[in-house]
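Take a look at the structure below.
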Protein chains: 2
Amino acid sequence: MEINQPEAVVLTERQQAILKLIVQEYVATGRPVGSKTLTERYPVGVSSATIRNEMADLEQAGFLQQPHTSGGRIPTDRGYRYYVHRLMGAPELSSGDQIMIRHQFRQVEFQLDQWVEFAASVLAETAGNVSIVSVPRTLVARMRHFELISLQPRLALLILVTQETAVRQMMVHLPEDTDQAELSRLADALVTETRGLSADEIERQVDGSTDLARYVLEQITFGLRGLNSVERTQIRHSGIENILGQPEFAGEEAQSVLDLLRGGALLSAVLPQLSAGNDVQVFIGDENPADALRRFGVVMATYGINGEVTGILGVLGPTRMSYWRSISSVRYMARLMSDLMEDLYSS
Amino acid sequence: MEINQPEAVVLTERQQAILKLIVQEYVATGRPVGSKTLTERYPVGVSSATIRNEMADLEQAGFLQQPHTSGGRIPTDRGYRYYVHRLMGAPELSSGDQIMIRHQFRQVEFQLDQWVEFAASVLAETAGNVSIVSVPRTLVARMRHFELISLQPRLALLILVTQETAVRQMMVHLPEDTDQAELSRLADALVTETRGLSADEIERQVDGSTDLARYVLEQITFGLRGLNSVERTQIRHSGIENILGQPEFAGEEAQSVLDLLRGGALLSAVLPQLSAGNDVQVFIGDENPADALRRFGVVMATYGINGEVTGILGVLGPTRMSYWRSISSVRYMARLMSDLMEDLYSS
DNA sequence: TGTTAGCACTCTTCTGAAGAGAGTGCTAAC
DNA sequence: GTTAGCACTCTCTTCAGAAGAGTGCTAACA
């Protein structure tokens, strides 16, 4: 994965081992880890006093912190980062998990309009966190077909299908009374005329048409542009129950999670940081771009076909989360979704 | 609204007034209501001792219950029911609220594909509960247009648009290698041939065609049938934060709410009970069809055009919720959605 | 010099007791 | 029929003490 902040400080072998154990223990239990617990639960080979000394050093160096004077230590954001970048090992989903996911996906393979939702739910389950998945967006949308359906004399429904297989439905006010027959004639003519064109290209050719045609074409360019505007990016999420079960988000804090997911606040915070094509990116605690995310760990990746189709997906969890599971899941899902996009778009 | 269980027992004027106050007070505060609180906070005109006597009678009659020997009383499900059916008064959203909602709706009026999601979020906000809204389903789906897009020699994407403006995208395995040109020819021919037909009607005409055409038509009938199958009904929900804030669903209980919303468990529990065309239906506590709903109040309505298009919408809250707000909101939203459907379909 | 045992100390969490607060049912008086 | 008074019950909060876990420091040890 991308290394956001290379860690320069050198830790001894033993310090690394201790830090690793503390992170793992804390992630598993959620409670501060003491020196005694460590010696009792793991075959460390040294006494608790030695561990204590090392822990003091690690705290000095900024990798651990004490929530209160006594009662064990927990990793700092920096500690997590060191763990993720140096100690964790390569995150790769077990082949069993991979097979299971592919198998599950096969069941919805034919219902293209449910891919994103399904991806979100699978990702949430394998990562054990809240997942978010954006509907893929193409760089430029091209007209494939549209239908005009008369609703009232001056009101019509426009159904727009793009080359990129996106669909949009819009209500359109008409500048003059128009019946279905006329709308159909107009649509037939304009469909062949504009097939395969982008919004920009359609705009250039607007001139020579009638008022009504011009107006419809305007709506179509508007619709096409909307399909690949960042602001209109739709996201689906899943797995809130996973994070609500965590003790750190039990009561009041639950609200902050929901607030993040609602209204795409999360998306707009994280999106600018993501560069397409990179591997999985990890934001831990204070490393996060937005204040509201300070108490979270975020693991994100882009998926799609280089430069043409892009989406993002990722998971959101407490800083104390299993980064290994999250990273491996996100990485795998990003690949899977990219493969699907490949099948769909690159012909 | 529909009166599920007409209440035969006769209460005196004063008992009704007291029950009404207790329900309102308990809904507002969430804490059991005592006789003293009542006399202090409302101008009841009698002493707390009298209230106590009346409360004892109401408890006897099954309208109130004591969570513990001392500490006030709370309404039973039956008490709520009596309140809702007899004491509450006509639930009608204030015209201010009505205007606000219509105004908000105007902003997404042209993005038809977002109506349902938006309706859910507005309903959640006005009712102050979790809302669910189903995507409207037409009784019978008729072909309007479809596109076949070649992905691989034996794999194509089918985009299906119905007269009823529903859209479905499906992957289709082809029985023989076929290129885009051939697919387009086939689509052109079949579109004009099947335009306006239902799944059944298309099926009847399958015979005389080529293998490939027959196969595509099969897929189309499958797709059309899927669009109005109950099992595939999609629902959107919104406002989980509203219910998670409630003390009764703070910790563990939150899970049960999420479980209900996930996987449409709620829908399948409530749907059989709903009869189209009726007004708002209210299920309080043990009145609910499913066990998992026992601790909830559910207010549901159908919307749509009589017999042709139907959807459901409603809210879910703790039994202790403001039924007045919920019922008035659900009723108004159902009307609003019905109006929108009217514009869309009845021409 | 690194490691370990021991110890005094700190801080959280659990437990139980005490007291305040709210509400009830009953009785007797109005 | 209504009300005041009273003893009683139950919850909730507070507080102190004990238990548990962990720490830093010191002195001894290999």
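Chain letters run A, B, ... following the sequence lines, proteins first and then strands; every chain starts at 1. None of the values given here were measured: they were computed from a predicted structure.
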Pull out every protein N or O sitting under 3.5 Å from an N or O of nucleotides 13-19 of chain D, one pair per line with the distance.
none

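Scanning residues 34-44 of chain A for heavy-atom distances under 4.0 Å to DNA chain D yields A/G34, A/S35, A/K36, A/T37. Residues from residues 47-57 of chain B placing a heavy atom under 4.0 Å of any atom in DNA chain D, listed by number, are B/S47, B/A49, B/T50, B/R52, B/N53.
Aromatic pair B/Y83/B/Y323: ring centres not closer than 6.0 Å.
Taken together, the paired segments of DNA chain C that extend over three or more consecutive Watson-Crick or G-U pairs, each closer than 3.5 Å at both contacts, are C:1-30 with D:1-30.
Nearest-nucleotide mapping onto DNA chain D: of A/P32 and B/R14, the residue sitting toward the 5' end is B/R14.
Annotation: the span from A/R236 atom CZ to A/L313 atom CG amounts to 15.0 Å, rounded to 0.5 Å. The distance from atom CG of A/D77 to atom CZ of A/F283, rounded to the nearest 0.5 Å, is 13.5 Å. The CZ atom of A/R81 lies 5.0 Å from the CG atom of A/D286; values are rounded to the nearest 0.5 Å. Note that the CE atom of A/M100 and the OG atom of A/S94 stand 8.5 Å from one another [nearest 0.5 Å]. The structure places NZ of B/K36 at 11.0 Å from OG of B/S47, a figure rounded to the nearest 0.5 Å.
Taking the six-membered ring where the residue is Trp, A/Y80 and A/Y26 present tilted rings, their angle falling between 30° and 60°.
With a cutoff of under 4.0 Å to any heavy atom of chain A, the contacted region of DNA chain C is bounded 5' to 3' by C/dT3 to C/dT12.
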(message) Before you tell me yes or no, could you show the steps for A/R325 and A/D97 under salt bridge (Lys or Arg N to Asp or Glu O under 4.0 Å), namely the whole-Å CA-CA distance, both residues' side-chain angles and the distance that decides it to 0.1 Å?
(response) CA-CA 11 Å; A/R325 256 206 109 54; A/D97 283 341; 3.5 Å; yes
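Only one option out of B/L266, B/I243, B/I235 pairs with B/L261 in a side chain to side chain contact (heavy atoms under 4.5 Å, CB included); it is B/L266. When B/K20, B/R41, B/R31 are each tested for a salt bridge (Lys or Arg N to Asp or Glu O under 4.0 Å) with B/E25, only one passes: B/R41.
Residue-environment remark: CD (A/Q15) exceeds the threshold of 12 foreign heavy atoms within 6.0 Å.
At a threshold of 4.0 angstrom between heavy atoms, the contacts of B/R31 with the nucleic acid are absent.
Not a single donor-acceptor pair under 3.5 Å links the side chain of A/T319 to the backbone N or O of A/G285.
Rounded to whole Å, the distance from CZ on B/R73 to P on D/dC10 is 14 Å.
Looking at residues two or more places apart in sequence or on another chain, you find a salt bridge (charged side-chain N to carboxylate O under 4.0 Å, His left out) between B/R295 and B/E253.
Heavy-atom minimum distance, B/R73 versus B/I22: O-CG2, 4.2 Å.
Between A/D57 and A/R52, none of the side-chain N atoms (NZ, or NE/NH1/NH2) sits under 4.0 Å from a carboxylate O, so this pair counts as no salt bridge.
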